[in-house]
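Have a look at the structure below before the remarks.
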Amino acid sequence: MAASVLKVCVVRFGVAAGCRGRLFGENLGQPCRRFSSGRRALHAASVGVVARLRPLHVLLATGSGYLGYSQYGRYKDRELERQGIEVPPRVAHEVQVALYKSIPTRLLSRAWGRLNQVELPTWLRKPVYSLYIWTFGVNMKEAAVEELHHYRNLSEFFRRKLKPQARPVCDSHCVISPSDGKILHFGRVKNCEVEQVKGVTYSLETFLGPHTWTDLNIKKSEDDTGSFQDLLVTKEGNELFHCVIYLAPGDYHCFHSPADWRVAHRRHFPGSLMSVNPGVARWIKELFCHNERVVLSGEWTHGFFSLTAVGATNVGSIRIYFDRELHTNSPRYSKGSFNDFSYISNNNKDGVTMRKGEHLGEFNLGSTIVLLFEAPKDFTFNISAGQKIRFGEALGTMRGTVTDAEKDSEGNV
């Protein structure tokens with residue numbers, strides 16, 4: 001009896017144990033296995049995502065985000081300006097400037113220059129030039145040759161000449177605009193700082209280079225401890241003035257003499273070729289000091305006078321008609337240096353005499369011209385910032401010598 005009861009208990013306990021085993025073993029073990037397999041799948045997916053991420057993808061994502069943030073900031077600034085609120089310029093940090101300068105703009109500009117020299121097939125000239133005309137608003141009715149098939153390559157099209165009467169030269173004012181363009185800034189030079197646009201300045205000495213000219217009649221005593229600006233002012237009672245003109249890609253690319261003056265010295269600064277459009281000029285402090293430029297210095301009837309042609313992206317080629325020794329954007333020149341050339345010691349004792357309105361040089365595409373000159377305190381500009389101006393139109397004159405014809409012309413400005 002006892003044996004039979006024990007056998008029944010053992011059998012039932014075994015069945016129950018089996019049931020519990022199936023219940024707890026199988027049913028609990030399966031979710032554990034599912035959880036482990038799910039974790040392995042998640043890990044494998046994360047590894048796959050990381051493997052698929054490339055440096056280019058990260059760079060594009062970061063750049064797109066930064067560009068979007070910058071555009072949003074500019075949008076907010078425009079909205080504030082529309083409300084009449086003055087917004088201070090957003091000046092780039094040194095790291096941003098260094099990154100921009102690391103772009104091989106000099107090499108790209110040389111490649112662009114060679115591309116411009118490639119002769120286009122006759123059937124392709126009109127479509128290419130028409131697209132450029134439509135994009136940048138070029139007025140071909142002013143060109144000496146309006147027929148587009150006449151220009152063999154892009155370089156000839158960029159350097160097209162104008163009709164003789166397309167740009168009459170103002171005779172009543174002593175200083176005229178040397179080119180077509182947009183007035184970025186003008187006024188008196190203060191504390192050796194020049195404004196490239198409102199609120200963003202650059203150093204006068206850095207821009208012109210050290211005062212080592214020996215071919216200008218600038219007489220100062222050896223113990224003179226004045227500023228660099230004071231060294232340029234040669235006559236008592238005079239002041240130093242400046243004017244910045246931006247040439248857009250659609251503008252007439254040649255520049256002319258802005259006054260009657262004598263060019264005595266040329267200084268070439270090899271440098272970067274960053275964009276000089278007004279937006280970048282508001283963003284990068286001392287932009288004109290970073291870029292390649294050619295400084296022509298001399299004298300006019302009121303003292304010191306200089307014209308500086310500043311290069312830009314795809315505008316490494318700066319040509320001065322009377323200077324065949326000048327070669328800009330050349331790989332033999334390194335950044336951070338400058339090269340001097342005296343027109344007095346190498347040409348003649350008088351330098352190069354330029355008449356107001358006379359052809360002086362040319363750019364490829366577009367760039368900037370900076371005028372720095374000495375004049376009496378009563379010199380007055382007849383322009384406004386942001387104004388579109390054309391070669392030959394008046395920039396300013398001495399208020400004490402205003403004639404009736406000059407007054408009439410001022411009323412039309």
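It should be emphasised that the depicted structure is a prediction, and the values quoted were computed from it without experimental measurement. Basis for what follows: all heavy atoms, side chains included, without hydrogens, waters or symmetry-related copies.
Residues meeting the side chain to side chain contact (heavy atoms under 4.5 Å, CB included) test with Glu362, sequence neighbours left out: Arg159, Lys161, Cys254, Arg319, Tyr321. Residues passing the side chain to side chain contact (heavy atoms under 4.5 Å, CB included) test with Asn277 are Tyr246, Ser275, Val280, sequence neighbours excluded. Applying the side-chain hydrogen bond (donor to acceptor under 3.5 Å, both in side chains) criterion to His290, with sequence neighbours excluded, gives Lys101. Take Glu325 and apply the side-chain hydrogen bond (donor to acceptor under 3.5 Å, both in side chains) test, not counting sequence neighbours, and it matches no residue. Applying the side chain to side chain contact (heavy atoms under 4.5 Å, CB included) test to Pro127 and every residue at least two apart in sequence or in another chain returns nothing. By the salt bridge (Lys or Arg N to Asp or Glu O under 4.0 Å) test, Arg106 pairs with Glu292, sequence neighbours left out. In this structure Asp180 satisfies the side-chain hydrogen bond (donor to acceptor under 3.5 Å, both in side chains) test together with Arg167, sequence neighbours excluded. For Val128, the side chain to side chain contact (heavy atoms under 4.5 Å, CB included) partners at least two apart in sequence or on another chain are Leu120, Leu124, Leu154. With sequence neighbours excluded, the residues that form a salt bridge (Lys or Arg N to Asp or Glu O under 4.0 Å) with Lys388 are Asp251. In this view, Asn116 satisfies the side-chain hydrogen bond (donor to acceptor under 3.5 Å, both in side chains) rule with no residue, not counting sequence neighbours.
At distances below 3.5 Å, at least one donor-acceptor pair connects side-chain atoms of Gln196 with backbone N or O atoms of Ile284. Within the 3.5 Å criterion, the main-chain N or O of Ile318 finds a donor-acceptor partner in the side chain of Thr328. A donor-acceptor distance shorter than 3.5 angstrom exists from the side chain of Ser306 to the backbone of Leu372, with no hydrogens or angles considered. Under a 3.5 Å cut-off, the side chain of Glu393 and the backbone N or O of Arg390 do form a donor-acceptor pair. Counting only distance, with no hydrogens or angles, the side chain of Lys356 and the backbone of Cys170 share a donor-acceptor pair below 3.5 Å. Between the side chain of Glu205 and the backbone N or O of Pro210 there is no donor-acceptor pair closer than 3.5 Å. The backbone N or O of Arg152 lies less than 3.5 Å from a partner atom in the side chain of Glu156, making a donor-acceptor pair. Not a single donor-acceptor pair under 3.5 Å links the side chain of Glu142 to the backbone N or O of Lys163.
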Applying salt bridge (Lys or Arg N to Asp or Glu O under 4.0 Å), run through Asp340 and Arg266 and close with a yes or a no. CA-CA 6 Å; Asp340 287 333; Arg266 179 253 293 166; over 6 Å; no
Asn238 and His302: side chain to side chain donor-acceptor pair (under 3.5 Å), yes or no, with the steps? CA-CA 8 Å; Asn238 284 0; His302 301 291; 5.7 Å; no
Step-by-step side chain to side chain contact (heavy atoms under 4.5 Å, CB included) determination, Val194 to Phe288: CA-CA 10 Å; Val194 186; Phe288 301 153; over 6 Å; no
Evaluate Val118 against Asn153 for side chain to side chain contact (heavy atoms under 4.5 Å, CB included), listing each step before the verdict. CA-CA 6 Å; Val118 176; Asn153 51 49; 5.9 Å; no
Decide yes or no on side chain to side chain contact (heavy atoms under 4.5 Å, CB included) for Val263 and Leu307, but give the supporting numbers first. CA-CA 9 Å; Val263 186; Leu307 180 149; over 6 Å; no
Which is it for Phe322 and Tyr343 under the ring pair (Phe, Tyr, Trp, His ring centres under 6.0 Å) test, yes or no, and what are the steps along the way? CA-CA 10 Å; Phe322 59 77; Tyr343 296 120; 5.2 Å; yes
Residues Leu204, Leu232; criterion side chain to side chain contact (heavy atoms under 4.5 Å, CB included); working and verdict: CA-CA 10 Å; Leu204 179 64; Leu232 299 179; 4.0 Å; yes
What do the steps show when you test Glu286 against Thr206 for side chain to side chain donor-acceptor pair (under 3.5 Å), and what is the final call? CA-CA 9 Å; Glu286 296 197 340; Thr206 305; 4.8 Å; no
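Ring-plane geometry between His256 and Tyr252 is classed as tilted, the angle between the planes lying from 30 to 60 degrees on a 0 to 90 degree scale. In this pair, Phe305 and Phe373 present their aromatic rings parallel. The plane angle is below 30°, not in the 30 to 60° band.
Met140 is listed as a side-chain neighbour of Phe157, based on a closest heavy-atom distance under 4.5 Å. Counting heavy atoms from C-beta outward, Phe391 and Val169 have side chains that approach closer than 4.5 Å. Val97 places none of its side-chain heavy atoms less than 4.5 Å from the side chain of Leu287.
Within the structure, every pair that satisfies the side-chain hydrogen bond (donor to acceptor under 3.5 Å, both in side chains) test and touches residues 120-136, not counting sequence neighbours, is listed here: Glu119-Arg125.
To the nearest 0.5 Å, the span separating CG on Leu371 from CG on Leu395 amounts to 6.5 Å. Atom CG in Leu296 sits 6.0 Å away from atom CG in Leu360 (nearest 0.5 Å). With rounding to the nearest 0.5 angstrom, the OG atom of Ser109 is 12.5 Å from the CZ atom of Arg114. Atom-to-atom distance recorded for Ile369:CD1 and Leu247:CG is 5.5 Å, nearest 0.5 angstrom. Atoms CD1 and OG, from Ile103 and Ser272 in turn, are 10.0 Å apart once rounded to the nearest 0.5 Å. Distance CG/Leu107 to CG/Leu273: 11.0 Å, rounded to 0.5 Å.
Scanning all heavy atoms of the two residues, the minimum distance from Trp300 to Ala375 falls at CZ2-CB, 4.1 Å. Here the closest non-hydrogen pair linking Ser177 and Ile245 is OG-CD1, 3.7 Å. Of all non-hydrogen atoms in Arg293 and Thr308, the two that sit nearest each other are CB-CG2, 3.9 Å. Scanning all heavy atoms of the two residues, the minimum distance from Phe304 to Thr234 falls at N-OG1, 4.2 Å. The shortest heavy-atom contact between Gly311 and Asn291 is O-ND2, 2.9 Å.
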Would you mind writing out the side-chain donor-acceptor pairs for residues 181-191 within the sub-3.5 Å range, not counting sequence neighbours?
residue: His185; atom: NE2; partner: Glu195; partner atom: OE1; Å: 2.8
residue: Arg188; atom: NE; partner: Glu239; partner atom: OE1; Å: 2.4
residue: Arg188; atom: NH2; partner: Lys377; partner atom: O; Å: 2.7

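In this structure, Phe207 has its ring center at least 6.0 angstrom away from the ring center of Phe269.
Ion pairing between a basic and an acidic side chain is recognised when a charged N comes within 4.0 Å of a carboxylate O; Arg160 and Glu146 show no such pairing.
For the residue pair Asn339 and Arg267, no side-chain donor N or O sits within less than 3.5 Å of a side-chain acceptor on the partner.
Gln165 CD: 12 or fewer foreign heavy atoms inside a 6.0 Å radius.
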